[in-house]
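Below, chains carry the letters A, B, ... as their sequence lines are ordered, and counting in each starts from 1.
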Protein chains: 2
Amino acid sequence: MPVNARNKPTPKQPPLPRSDCTCGSLRKASRRISQFYDTALAPMGLKSTQYSILSEVDRGSRLKPVTMCELATAMVMDRSTLGHNLKPLEREDLIILRPSADDRRKRHVELTKKGRATLQKSLRLWRHAEQRFEKIFGKQPAAELRAVLLGIAGNKQLNSLPIG
Amino acid sequence: MPVNARNKPTPKQPPLPRSDCTCGSLRKASRRISQFYDTALAPMGLKSTQYSILSEVDRGSRLKPVTMCELATAMVMDRSTLGHNLKPLEREDLIILRPSADDRRKRHVELTKKGRATLQKSLRLWRHAEQRFEKIFGKQPAAELRAVLLGIAGNKQLNSLPIG
DNA sequence: GGCATTCACGGGCATATGCCCATATCTTAG
DNA sequence: CTAAGATATGGGCATATGCCCGTGAATGCC
């Protein structure tokens, strides 16, 4: 050991404190906000992810029906995860899966009549929650936050492994 | 129908498009980032939440051992959820639960020797991930984002129901 | 055309998340 | 001191999330 090792100056790059974890912060915020939206959506019997899925299916299938793969990509979700998450919705007859005629590997995800009606009603509850959040957090900051988050969600650089 | 209904001006408050869901954006970003950190932490066999828990236990027990309840609050996590999440860590001998002497209802969560060693090693992997994220996202923006997220995570207004 | 590769999906496993309810313990009103 | 209420935790259930692997289908290369 060098004689003056003990006198070395403090390293210029102090170690990041563990409280500064972006992932941890995101997950904490996610838990809190999910709680908030889940409570708001509870009267319709939907969890926030289920609402998101129905919403995404509705939005994505304006032009042509979406496949599971496309939907998973849109949700920034593993394909298998989406598959699992669709089951309760299918059981409740909110969506239906149809094999594609073009490519028999693919399955189209479609809203049923009941699914559309449920989404419609949930939309009101969701809007209420969103407005309540914006009242607390500020309308403009909320919009900026969403933009930042969606930017992160869509950033492929953040994954060595492909997703969706 | 009023004769000039078709000429009505655009409604002042257009309905929020469903893509503008703060909860959905948060969850999508959370999935993407968790993926990123999980991959980074994989060599030590820890998921991002497990790393967070170990880190929080270490940080929280500087003065006196933390109880499950306190830990759950710090993690913005349901108490039961924390209980479930501790099991794999306990099984792997990374933490140990001790009944409190003061209050026999409480259980203290403590890192084992192996737990401390694992945390130590994981810290390097985590730092690497955090730095990689900051390289992509920017150091300052990352710090600001964490602050915003932790602000949301700690905002009790966002829950009618108490958490943790 | 035939075979290797790629792609879309499902099944099984493990963890993450939260609800409801039960139990044991502590606290406090009386 | 005792009964009622509050607090800390666990067990069971359901969904959320993602990995690995297998299967069937399309695509591309010779």
**OP:** Using the closest heavy atom to pick a nucleotide of DNA chain C for each, name whichever of A:D38 or B:P88 lands nearer the 5' end.
**Re:** B:P88
Original post:
If you look at every strand shown and take non-hydrogen atoms under 4.0 Å, does A:S80 touch a base, only sugar-phosphate, or nothing?
Top reply: base
**OP:** For B:T81 and B:M77, indicate whether the former's side chain and the latter's backbone hold a donor-acceptor pair under 3.5 Å.
**Re:** no
**OP:** Quickly work out the A:R104 CZ to D:dT23 C1' distance and round it to whole Å.
**Re:** 14 Å
Original post:
To the nearest Å, how far apart are B:R27 CZ and C:dT17 P?
Top reply: 10 Å
Subject >> Atom-to-atom span, CG of B:L26 to P of D:dT17 - whole angstrom >> reply: 12 Å
Original post:
D:dT15 C1' sits how many Å from A:M75 CE, rounded?
Top reply: 13 Å
Under-3.5 Å N/O pairs linking protein and nucleotides 7-9 of chain D:
from, atom 1, to, atom 2, distance (Å)
D:dT7, O4', B:R105, NH1, 3.3
D:dT7, O2, B:R105, NH1, 2.8
D:dT9, OP1, B:R107, N, 2.7
D:dT9, OP1, B:R107, O, 3.3
D:dT9, OP2, B:C69, N, 2.8

**OP:** Answer with base, sugar-phosphate or nothing: what part of the nucleic acid does A:T81 contact at a heavy-atom distance below 4.0 Å?
**Re:** base
Original post:
Start at the 5' end of DNA chain D and walk down; is the nucleotide closest to A:R91 or to B:K47 reached first?
Top reply: A:R91
Original post:
Under 4.0 Å between a side-chain N or O of B:Q35 and OP1 or OP2 of D:dT17?
Top reply: no
Subject >> Length of the line joining A:R98:CZ and C:dA8:C1', which is rounded to integer Å >> reply: 19 Å
Original post:
Are more than 12 heavy atoms from other residues, nucleotides or ligands located less than 6.0 Å from atom NZ of B:K135?
Top reply: no
Original post:
Any donor-acceptor pair under 3.5 Å linking the side chain of A:Q131 with the backbone of A:H128?
Top reply: no
Subject >> B:R31 side-chain N/O to C:dA16 phosphate OP1/OP2 under 4.0 Å >> reply: no
Original post:
Just how far, in rounded Å, is C1' of C:dA14 from CG of B:L89?
Top reply: 13 Å
Original post:
With a 4.5 Å heavy-atom cut-off, do B:K28 and A:L149 have their side chains touching?
Top reply: no
Original post:
To the nearest Å, how far apart are A:L94 CG and D:dT15 P?
Top reply: 12 Å
Original post:
Between C:dG12, C:dC26, C:dT17, which one does the side chain of A:H84 approach most closely?
Top reply: C:dG12
**OP:** Would you mind reading off the distance between A:L71 atom CG and D:dT17 atom P, rounded to a whole angstrom?
**Re:** 12 Å
Would you mind writing out the side-chain donor-acceptor pairs for residues 89-99 of chain B within the sub-3.5 Å range, not counting sequence neighbours?
from, atom 1, to, atom 2, distance (Å)
B:R98, NE, B:E110, OE1, 3.0
B:R98, NE, B:E110, OE2, 3.3

Original post:
With a 4.5 Å limit on heavy-atom distance, are the side chains of A:R27 and B:S52 in contact?
Top reply: no
Original post:
Would a 4.5 Å heavy-atom cut-off, applied to side chains only, mark B:M75 and A:R31 as touching?
Top reply: yes
Original post:
At under 4.0 Å, does any side-chain N or O of B:K87 touch on OP1 or OP2 of D:dG11?
Top reply: yes
**OP:** Considering just the side-chain nitrogens and oxygens of B:N85, establish if one lies under 4.0 Å of OP1 or OP2 belonging to C:dT15.
**Re:** no
